[in-house]
Each structure stands twice: as C-alpha cells, then as structure tokens.
Amino acid sequence: MTPAPPVPPGTSEAPLAPDAAGRPVTPSSGYPAASSASPASSASSASSASSVAPPSLPVGPDFRHLERLSDDTGLFEHARNAVVRRQHGYCTDDVARGLVVTSREPAPSPRVHRLAECYLAFLTHAQDDTGAFRNRLSHDRRWSDEPGLGDWWGRALWGLGTAAARNPAGWIRDEAMVAFTLGASRRSSHPRAMVFAGLGAAEVLRARPGDGPATALLADAALAVGLPPDAAGTPDTTGNATDTDTDTDNATGTGVSAWPWPQPELTYANAALAEVLISAGHLLGDGRTLAAGLRMLTWLGETQTTAGRFSVVPVTGWRRHGPRDRYDQQPIELAALADAFATAGAVTGDPSWRTGVWRAAAWFGGANDRGAVMWDAATGGGYDGLTPYGPNLNQGAESTIALISTMQQAERLREAGYSPRTDRPRTDRPEAGLPRQGGRPRHGEPAPGTDPPGPPGRPGAAGRAGRVELADEPPLGRAGAS
C-alpha cells in the first residue's frame, strides 16, 4: 500500500475502500511530521538540500524494525511511529515484500531466516488452488477478501520467485518454487501486477534458465508494459507514437524531452517497469526490449534528479503535460530505482549505473528535497513519506522494507569493493550501457543476479547500529539508442 501523509490528531481513522488495482487506501495515523516548517518554505529548503552534510545511513540492511512489525502469523502493515497497529492487520502485498528482502540475504541470521519461514507460510496460506491470492488478513486471522490477481498477486510471485532462486535454505527454495509455479499459471489485467510477477519470474530464470512457466510469465509481463515510442519519433509495435515537443517539470522548472514512457502517467514503483523490460530483454534474448528498458530507466533517473539528488514523483503521480507536485514522496520509489539501476549495471557491466543505487541510498540519509533523514536509527525503521514539513514519522512495513531493500543493493556494491567516494563512470568506451546483440553481457561482465568479484557475503544480522557516510555521486548511467 501507499502510506498516507500525516493528518492532525483526531482525524477519523476509518479504513477506506481499495482502489481499482486492489491497493488498500488507508488514512494516516495522525502523527505530525518531523518539521514545523511551512509549505511555503519547502522551495528554499529544496534548493539548499543539495548542500547538506553527507548523509548517515545504516551499515547494511537493518532488520530490527521488520522483526518488530512481525509475529508468528505474518507482517503487520502499519505502525504509529514505531508501534505496531494491529487493528489494520496483515496484507499479502507487504508479506511478499518481506520475503523478497529476507531471501536476498546470503547468510541470514537465525531471526531473519525465521522471518522468511513465516512469510512463506503466510503466502502459501493466502494462495488458492488456482494460483490467485487473498490480500487482507485481520488480526484475528480472518480473511476479508476473496482470492484475486491484483498487485498483491504480482508481489506474491515476486517474493516466491526470489525465495525460490536465492533463499539459502533448500526447503524454502523448493516450497517457494511450487507456489510460484502455481501462481505463474495465472495472468492479471493490471499492468503493475504483471510487472511485479515478472520480476519474480526473472529471479527464477537466473537460477533455473529455461524454466517454462517463468519464461512465459516474464514474456507476458514485458508485453503488459509495452515498448515506449522509439527515439526516432516513429510508432513502435504497440501503436504508440512519439512527438518532439517539450514538457515542463513543475517540480524542477526544467524542460523534459518527449515522453519516452509506455504509459501516459508515472504513478508508483515506476522504475519496476523499466527493470522488467531490462530483465526480459536480457534473459529472453530480445535486444530491442533491453534497449527500451535502459532508455526508460535513463530518462526516469534524469527526470527525477535535481542538484545531484533524487526528487521522485510523489504519491499523486505525474501525468504528461500535467502539473507535477513535489510532495509527498514515497520510499518505494527509491527502492524501485535502486533495484532497477542494480539490474542495469549487472546486465550491461557499465559502472555508471551504480550511481543510481548510491543516489537512492543517499535519499534516505538526507540527500532529498527537504534535507531530512528518512530512517530512525533508534528503531531501524523507515519513515513513511517525505512531506512538505519533513518526514512522516510513522514506520510502516512498506517504507521499512524499502529502506532495507535499498541498503541491500548499496551493501552488495560495497562488498564488491565499490564506494560512492571512488565509484566513477567509465569513459573509455562510448558504447557503455548499450546492449550487445541478443542482450547478452560482454565478455567478462557479471551475469544478472550475480555480484562482481569481491569479498564473500557478510553474515546476516538482525540489526546493525553503525553508520556509513556517503559522499557526492557521479552522473547517472546513460543508455543510448540501439
């Protein structure tokens, strides 16, 4: 779900109906934002945010708050500040996200391993015999909805696919694969549900090349996204056509070239659309799809960057030719960007893509439009959103998992010997960032889902109290036309 911005204490907390894609819409907890600044001061704050001190971030992913939000059934969706709000229950959406990040740990602690077990059990309980999933479970363990194929179905397959491919425990991999295969037989009419499912299919294919259900699902996910208009201004196979006018980004006041996106609006988890095209193009040997995904990600990174920091599309979205608000910015956007840039770097071998990972991590440490730290060092939780007044201090599941996921990507780079202080884009080859024919990596480049040569994986930890300072980052990677 998308956390709501804070509202004054005393505001009604009655739950609202889910939207058309099945995403629950909930009111805020009533906690005030961290800053008392007025919205009128946000512009000046944004202009000065780029000069704030280097951000402080956790050393590696911190699972303390995820443990706090979990019990022996699943993962609670909401928190008031850091206190679990049991009355809102659990949702498959967030449990699936939890399975993604716990399964990514190469050597999880016993407590993190136990979280993965719990989340897997929840998802298999939520799945019916046809492969669809229920989404909402109350604290008294009663389902409040029927099985469906909304975003939660896609995220469930993402979690199951990640567990099947990466979890260190063989029995978890096996059970997750059974549930993934059943769910992969279904298709959703919601494009983003297909995107999330496609990310799970890509995980499976990296571990099990040629898997039939995963191959078909990933191909269909790429079709659900569609290809954007090409750089030459001619229609592509989806019937979209480009134009050559210039849009205005109201958040930055800068011009934006013709809209290289397959949909007329940026909404939520936008980078995931580019990532699934990159993954599909590479794993299925489709150079055009790979190049399209890289171009989309390049544009998305550039249009959401100002003064060297990410200023992401807010929860209200951004429609082409329409106004773009600056707030409220959601942590899920940074997690999606970090994942997509990491995938682009692994597929192309171009080090300049790593800049997007560092920049996404730095957003949590204060390199954002408010210069606000977006995590709580005392709890390990991620704040629910960046508002005109500062952070929304609630620490729900989605924002905390977004923090963990982003830190995992940054940690993988650090363990491979890279650093934002020394990591600079390569300039020795003009084709950097472009796919080879068929989307295969160049000789000597890492395959997707693998780390470049470096130190072995660190032991997992339920919580790590130290911090690391991040310096300024180099420009974002670019993908030229193929």
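This one's a predicted model, so the numbers in the text were calculated from it and none came from an experiment. Side chains included, hydrogens not; waters and symmetry mates left out as well; all remaining heavy atoms used.
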**Q** Applying the side chain to side chain contact (heavy atoms under 4.5 Å, CB included) criterion to His78, which one of Gln87, Arg86, Arg85 satisfies it?
**A** Arg85
**Q** Counting C-beta onward and ignoring hydrogens, is there a side-chain heavy-atom pair between Pro213 and Asp211 closer than 4.5 Å?
**A** yes
**Q** Is a donor on one side and an acceptor on the other found under 3.5 Å between the side chain of Ser185 and the backbone of Leu182?
**A** yes
**Q** Is the closest side-chain heavy-atom distance between Met177 and Thr181 below 4.5 Å?
**A** yes
**Q** List the steps and the verdict of side chain to side chain donor-acceptor pair (under 3.5 Å) for Tyr383 and Asn81.
**A** CA-CA 8 Å; Tyr383 293 136; Asn81 204 322; over 6 Å; no
**Q** Assess whether side chain to side chain donor-acceptor pair (under 3.5 Å) is satisfied between Thr316 and Arg324, documenting all intermediate values.
**A** CA-CA 8 Å; Thr316 52; Arg324 173 179 165 187; over 6 Å; no
**Q** Side chains of Pro228 and Gln263, heavy atoms from C-beta outward: is any pair under 4.5 Å?
**A** no
**Q** Does the Asn270 side chain pair with the main chain of Thr267, one donor and one acceptor, at a distance under 3.5 Å?
**A** yes
**Q** Under the side chain to side chain donor-acceptor pair (under 3.5 Å) rule, what do Thr387 and Asp328 come out as? Steps first, then yes or no, please.
**A** CA-CA 5 Å; Thr387 81; Asp328 292 354; 5.0 Å; no
**Q** Decide yes or no on salt bridge (charged side-chain N to carboxylate O under 4.0 Å, His left out) for Arg412 and Glu415, but give the supporting numbers first.
**A** CA-CA 5 Å; Arg412 291 180 70 193; Glu415 289 184 343; over 6 Å; no
**Q** Less than 4.5 Å apart, side chain to side chain, heavy atoms only: is that true for Gln330 and Tyr268?
**A** no
**Q** Do Val101 and Leu66 have side chains that get closer than 4.5 Å, going by heavy atoms?
**A** yes
**Q** Go through the side-chain N and O atoms of Thr92 and Arg136 and say whether any donor and acceptor fall under 3.5 Å apart.
**A** no
**Q** Between Ser279 and Arg206, is there a side-chain donor-acceptor contact under 3.5 Å, judged purely by atom types and distance?
**A** yes
**Q** Looking only at side chains, do Asn135 and Arg155 share a donor and an acceptor under 3.5 Å apart?
**A** no
**Q** With heavy-atom distances below 4.5 Å as the criterion, would you say the side chains of Trp261 and Leu300 are in contact?
**A** yes
**Q** Output, in order, the C-alpha distance, side-chain angles, deciding distance and verdict of side chain to side chain donor-acceptor pair (under 3.5 Å) for Thr343 and Glu275.
**A** CA-CA 7 Å; Thr343 296; Glu275 184 186 1; 2.9 Å; yes
**Q** For the residue pair Gln329 and Asn368, confirm or rule out a side-chain donor-acceptor distance under 3.5 Å.
**A** no
**Q** Taking NZ, NE, NH1 and NH2 as the nitrogens, is one of them in Asp129 or Arg186 under 4.0 Å from a carboxylate oxygen of the other?
**A** no
**Q** Answer yes or no: is there a side-chain heavy-atom contact under 4.5 Å between Phe63 and Thr102?
**A** yes
**Q** Is a donor from one side chain sitting under 3.5 angstrom from an acceptor on the other, for Tyr119 and Ser70?
**A** yes
**Q** Can Glu67 and Arg64 be counted as an ion pair, charged N to O under 4.0 angstrom?
**A** no
**Q** What orientation do Trp318 and Trp259 show, parallel under 30°, tilted 30 to 60°, or perpendicular over 60°?
**A** perpendicular
**Q** In terms of the angle between their ring planes, are His125 and Trp143 parallel, tilted or perpendicular, with boundaries placed at 30° and 60°?
**A** tilted
**Q** Does the ring centre of Phe341 sit less than 6.0 Å away from the ring centre of Trp353?
**A** yes
**Q** Please report the C-alpha distance between Arg141 and Asp72 in whole Å, then the side-chain angles of each, then the deciding distance to 0.1 Å, and finally whether the salt bridge (charged side-chain N to carboxylate O under 4.0 Å, His left out) criterion is met.
**A** CA-CA 11 Å; Arg141 300 186 181 184; Asp72 62 354; 3.2 Å; yes
**Q** Inspect the contact between Arg114 and Glu117 and indicate whether a charged nitrogen and a carboxylate oxygen are less than 4.0 angstrom apart.
**A** yes
**Q** For Asp384 and Gln395, does a side-chain donor sit closer than 3.5 Å to a side-chain acceptor?
**A** no
**Q** Just verifying a value: how many Å separate Ile332 CD1 and Ser405 OG, rounded to the nearest 0.5 Å?
**A** 10.0 Å
**Q** How about Pro260 and Trp299: do any of their side-chain heavy atoms sit closer than 4.5 Å?
**A** yes
**Q** Between Gln304 and Glu333, do the side chains contain a donor N or O and an acceptor N or O under 3.5 Å apart?
**A** no
